[in-house]
Amino acid sequence: MILACQTLEDELLYTMKQSNINYEIMWIESSLHNVPQKLHSQMQECIQEIAKNKSCDRLLVAMGKCGNAIDKIVNGPFEMIIPKVDDCISLLFGSDEKRNNYTNEHSAYYLTQGWMRGKCNILAEYEYSIKKYGQETADMIAEMMYGHYKQLALLDNGINSIDPLYRMTEPIEKNLNLKRCVVPVTVNYLVRLLNGPWDQEHFFKIAPNDTLYIN
């Protein structure tokens, strides 16, 4: 069974098809990543539901630490595998190191098509601020939140055309003064998550009924 963030829906479904895998998936709403405590609670509820209602020997978790939301997660009566990366962006880059190197060099804010489909994406939040506070205040809020970024990095997973995401993010480039740039990423980490082996360097491997401590 798989527990997955909706942000990775395109990449995960593609990887499952390529790997000829048809595991059942339980999806977690991507907006919960903005509030790690809520994400933690939702994950725990999902694990309890799987333990109660599903036949499962191993749970594969398609997401990262996500603000340490996975810390102190209590496992069910099955093995659980989680990638050792900070978040879904690092997972697509292939490691935290590769993501951090790019961030440090380009001061980038990252977007994927999956993230833009979420309720709390950067454009939706900006438009909401305009409606609630007016244009001037919304621009001040945006400057405080995103002013230190220089680049809007659109992650190209090689699965879908990047053109819809490029068109969709034009208002972000215009209003938030972030230059768009297409950055290639990979699904290789997801391939390893689905197929193993799950080495200690790249994955948390939690025993049945054990608790995960990452700090």
Side-chain angles (χ1 to χ4, degrees), residues 1-28 30 32-33 36 39-40 42-103 110 112-115 155-160 183-215:
M1 176 120 191
I2 298 174
L3 181 62
C5 173
Q6 284 184 322
T7 301
L8 291 171
E9 182 175 2
D10 293 346
E11 292 83 1
L12 180 59
L13 293 179
Y14 170 83
T15 306
M16 290 177 65
K17 183 177 180 180
Q18 293 299 110
S19 299
N20 196 27
I21 287 174
N22 192 31
Y23 300 150
E24 184 177 355
I25 306 172
M26 184 176 290
W27 296 103
I28 292 180
S30 59
L32 292 175
H33 287 66
L39 177 57
H40 177 95
Q42 183 63 49
M43 285 187 65
Q44 196 65 75
E45 289 178 12
C46 289
I47 290 170
Q48 292 170 352
E49 181 179 343
I50 293 169
K52 182 178 179 180
N53 300 315
K54 307 292 183 180
S55 176
C56 179
D57 295 322
R58 178 182 293 124
L59 179 62
L60 305 177
V61 181
M63 53 184 283
K65 300 174 188 175
C66 300
N68 289 343
I70 64 172
D71 189 37
K72 300 180 180 64
I73 281 287
V74 181
N75 197 15
F78 36 72
E79 182 180 61
M80 182 163 57
I81 309 294
I82 307 177
K84 279 188 178 180
V85 289
D86 285 341
D87 52 29
C88 296
I89 301 301
S90 290
L91 191 151
L92 293 175
F93 265 92
S95 70
D96 291 331
E97 181 181 9
K98 291 179 181 178
R99 182 257 186 90
N100 291 337
N101 287 342
Y102 191 91
T103 301
Y110 300 100
T112 67
Q113 294 195 49
W115 185 254
L155 302 190
D156 184 1
N157 56 25
I159 300 171
N160 306 317
V183 180
V185 290
T186 176
V187 295
N188 289 346
Y189 219 131
L190 285 174
V191 172
R192 285 190 289 172
L193 174 65
L194 294 179
N195 297 281
W198 302 286
D199 60 278
Q200 188 175 5
E201 180 182 357
H202 297 100
F203 296 94
F204 295 107
K205 193 172 184 180
I206 304 95
N209 302 307
D210 203 355
T211 301
L212 172 61
Y213 296 96
I214 63 174
N215 295 320

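The figures that follow rest on heavy atoms only: side chains count, while hydrogens, waters and symmetry mates do not.
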Within a strict 4.5 Å, meaning less than it, do heavy atoms of the [X] and [Y] side chains meet?
X      : Y      : answer
Met16  : Ile2   : yes
Val183 : Phe93  : yes
Arg99  : Tyr110 : yes
Ile21  : Thr15  : no
Val61  : Phe204 : no
Tyr102 : Ile89  : no
Lys205 : Glu79  : yes

Worksheet item: Is Asp199 atom CG crowded by more than 12 heavy atoms from other residues, nucleotides or ligands, each under 6.0 Å away?
Response: yes
Discussion item. Can you tell me if Asp57 has over 12 outside heavy atoms packed within less than 6.0 Å of its CG?
Written reply: no
Check whether [X] reaches the backbone of [Y] with its side chain - one donor and one acceptor, N or O, closer than 3.5 Å.
X      : Y      : answer
Trp198 : Leu193 : yes
Asp96  : Ser90  : no
Gln44  : Val74  : yes
Asn195 : Val191 : yes
Asn75  : Asp210 : no

Item to complete: Assess whether side chain to side chain contact (heavy atoms under 4.5 Å, CB included) is satisfied between Trp27 and Leu12, documenting all intermediate values.
Response: CA-CA 11 Å; Trp27 296 103; Leu12 180 59; 3.9 Å; yes
Worksheet entry | Test log, rule side chain to side chain contact (heavy atoms under 4.5 Å, CB included), inputs Gln18 and Val187 | CA-CA 11 Å; Gln18 293 299 110; Val187 295; over 6 Å; no
Practice prompt. Evaluate the side chain to side chain contact (heavy atoms under 4.5 Å, CB included) criterion for residues Phe78 and Ile47: first the C-alpha distance (whole Å), next the side-chain angles of each, then the deciding distance (0.1 Å), finally the verdict.
Written response: CA-CA 10 Å; Phe78 36 72; Ile47 290 170; 4.0 Å; yes
So, for [X] and [Y], which heavy atoms are closest and what is the spacing to 0.1 Å?
X      : Y      : answer
Leu92  : Glu11  : CD2-CG, 3.8 Å
Tyr189 : Leu91  : CB-O, 3.5 Å
Pro77  : Asn209 : N-OD1, 3.5 Å
Leu59  : Cys56  : N-SG, 4.0 Å
Ala51  : Gly76  : CB-CA, 4.4 Å

Drop me the distance from [X]'s [atom1] to [Y]'s [atom2], to the nearest 0.5 angstrom.
X      : Y      : atom1 : atom2 : result
Ile25  : Leu60  : CD1   : CG    : 10.5 Å
Leu39  : Cys5   : CG    : SG    : 8.0 Å
Ile70  : Met80  : CD1   : CE    : 8.0 Å
Asn157 : Asp10  : CG    : CG    : 6.5 Å
Gln48  : Met43  : CD    : CE    : 12.0 Å
Ile82  : Phe203 : CD1   : CZ    : 11.0 Å

Worksheet item: Do Met26 and Ile28 pass the side chain to side chain contact (heavy atoms under 4.5 Å, CB included) test, and can you show the C-alpha distance, the side-chain angles, and the key distance before you say yes or no?
Response: CA-CA 7 Å; Met26 184 176 290; Ile28 292 180; 5.9 Å; no
Discussion item. Do the side chains of Glu201 and Lys84 get close enough for a salt bridge, i.e. N-O under 4.0 angstrom?
Written reply: no
